[in-house]
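Structure first, commentary second.
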Amino acid sequence: MKDKGIRILGTGSCIPPTSVTNDDFAKFLDTNDEWIYTRTGIHSRYYSTDKLNYQMAAEAAKNALENAGVDGKDIDLILLSTCSADFFYPSTSCLVQGLVGAENAVCIDINTACTGFITALDMASRYLHTGDCKKVLIVASEFLTRQQDFADRSSCFLFGDGAGAVVVEAAEKPFYSVMGAKSDQLEALYCRTNYELTMPLPGFDQYDKSIRHILDNPSKNKFLKMDGKAVYRFAVDAMSDSFARVCEKAGVKSTDIDIVIPHQANMRIITAAMKNMDVADDRVVCNLENHGNTSSACIPTILDDLNRKGQLREGMKMVLVGFGAGLTYGSVYLEL
Ligand code: UT7
């Protein structure tokens, strides 16, 4: 969408208090710091030991509102991304609404897994440019450690907890997005609900064998399950492709971009995708070394860090690019 851009009025985050290092994993798993760091670029991650997901979300949201100088009452819409909510319902956005006094806001939760913040930004731009909404609060909050099987050494060390938020309004600046999903790889990354099936699902086998398999094994499958290599392959291609397409839409070269914030899954994935796109290392901002993968919260927590260090400047060209369970992917190009 040309000139359907956004202005970031303020940012906030909630970083949990407890840092867990790779060496901590080596105390109970057959692993070590060298293996994890070389394979992923992660040294440590934060675990929430004092807040539920909605409380992290509310703290990040309050910080963003304060940073923006915006009263909760002036928010027209809360878009909240999470794939690790405390409740099926009410939505986490409704819980946050009460805690930040956003009594006039429409509340919508989004689940495109790790792509969630990018999806929310794209939706915010569309809502803002209808004219119905003046200010949108976007929050991404994740409590992923609850979904980990700490006996599974192939995945549990990747993830951390946290939340990030931004307050945005409409601006006549360039804004382009590329979004998509490829659900033929459902089983590459999933976490089922804890419901036991209480009745047979007639005809379900014909519908999809892979889903049947997930539902039939509740006790074995209540934690996050991942085919790391399949996700890895998808991620490098999907990030490179959506990045290239969003630059093409925007009419810019990848070398023109001032800042790229990629989803923080694995340093090797990021390096490979950025190399494909000819993006110099000094343009790419990461925090995974000390935060791990916090799913949809990765990108807004980095934005908050950059903002508070005074490193977001008017006119900067930025690409946010990510992928997640689904498998989903997305990129947005915006000018600050
Ligand atoms: O938001 C999206 C979330 N997910 C992702 O982004 C995941 C993307 N994938 C990845 O990041 C990588 O696939 C992993 C980091 C998860 C794994 O790296 P890999 O290079 O694909 O390793 P692997 O699974 O092929 O394992 C290689 C070896 C195996 O041993 P053998 O069979 O070669 O003898 C594993 O058993 O490393 C072994 N291994 C470990 N060794 C020490 C697996 N996990 C560990 C471990 N510590 N934690």
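Keep in mind that what you see is a predicted model, and the values were worked out from it rather than measured. Start at 1 and go down the list; that is how both ligands and their atoms are numbered.
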Any side-chain heavy-atom pair from Q264 and C286 closer than 4.5 angstrom? yes
Just by distance, do the side chain of S141 and the backbone of N53 share a donor-acceptor pair under 3.5 Å? yes
May I ask whether C114 places a heavy atom under 4.0 Å from ligand 1? yes
Only heavy atoms of A265, strictly under 4.0 Å: list the atoms of ligand 1 that pass. 6 (O)
Among protein heavy atoms, which lies nearest atom 22 (O) of ligand 1, and at what distance? R39 NE, 3.6 Å
Any idea which heavy atoms bring V139 and A61 closest together, and the distance? CG2-CB, 4.1 Å
Of all the non-hydrogen atoms in the protein, which one sits nearest to atom 39 (N) of ligand 1, and at what distance? W35 CZ2, 3.4 Å
Can you confirm whether R308 sits close enough to N63 that some side-chain heavy atom of one is under 4.5 Å from a side-chain heavy atom of the other? yes
State whether any protein heavy atom lies less than 4.0 Å from atom 32 (O) of ligand 1. no
Closer than 4.0 angstrom, basic N to acidic O: yes or no for D23 and K27? no
Single-linkage hydrophobic cluster, 4.5 Å side-chain cutoff, L65 and M56 together: no
Looking only at protein heavy atoms, which one is nearest to atom 10 (C) of ligand 1, and what is the separation? N266 ND2, 3.6 Å
Is the contact between T31 and ligand 1 made by the side chain, the backbone, both, or neither, using heavy atoms and a 4.0 Å cut-off? both
Do T92 and T82 have side-chain atoms, one donor and one acceptor, less than 3.5 Å apart? no
Checking a contact table here: which protein heavy atom is nearest atom 5 (C) of ligand 1, and how many Å away? V231 CG1, 3.6 Å
Contact check, side chains of K173 and I6, non-hydrogen atoms, under 4.5 Å: no
Which of the atoms in ligand 1, numbered in the order shown and given with their element, are less than 4.0 Å from a heavy-atom of F157? 48 (N)
Please verify the inter-ring angle class for F25 with Y47; under 30° counts as parallel, over 60° as perpendicular, anything in between as tilted. perpendicular
Relative to ligand 1, is D30 under 4.0 angstrom through side chain, backbone, both or neither, heavy atoms considered? backbone
May I ask you to identify the nearest protein heavy atom to atom 7 (C) of ligand 1, giving residue, atom name and distance to one decimal place in Å? M226 SD, 3.5 Å
I'd like to know if S154 contacts ligand 1, where contact means a heavy-atom distance under 4.0 Å to any ligand atom. yes
Non-hydrogen side-chain atoms of Q147 and S295 separated by less than 4.5 Å: no
Among all protein non-hydrogen atoms, which one is nearest to atom 23 (P) of ligand 1, and what is the separation to 0.1 Å? K229 NZ, 3.8 Å
Among R153, H263, Q264, closest by any non-hydrogen atom to atom 36 (O) of ligand 1: R153
Nearest protein heavy-atom contact for atom 15 (C) of ligand 1: which residue, which atom, what distance? T40 CG2, 3.7 Å
With the threshold set at under 4.0 angstrom, would you say F25 reaches ligand 1 through any of its heavy atoms? no
Less than 4.0 Å from atom 48 (N) of ligand 1, is there any heavy atom belonging to the protein? yes
Check each atom of ligand 1 against the heavy atoms of R268 and keep those under 4.0 Å away; list them by number with element. 18 (O), 20 (O)
Atom 3 (C) of ligand 1 [closest protein heavy-atom partner, distance rounded to 0.1 Å]: N293 ND2, 3.5 Å
Under a 4.0 Å N-O cut-off, is there an ion pair linking R45 with D24? no
Among C298, G41, G228, A113, closest by any non-hydrogen atom to atom 13 (O) of ligand 1: G228
Using 30° and 60° as the class limits, which term best fits the ring planes of Y54 and F87: parallel, tilted or perpendicular? tilted
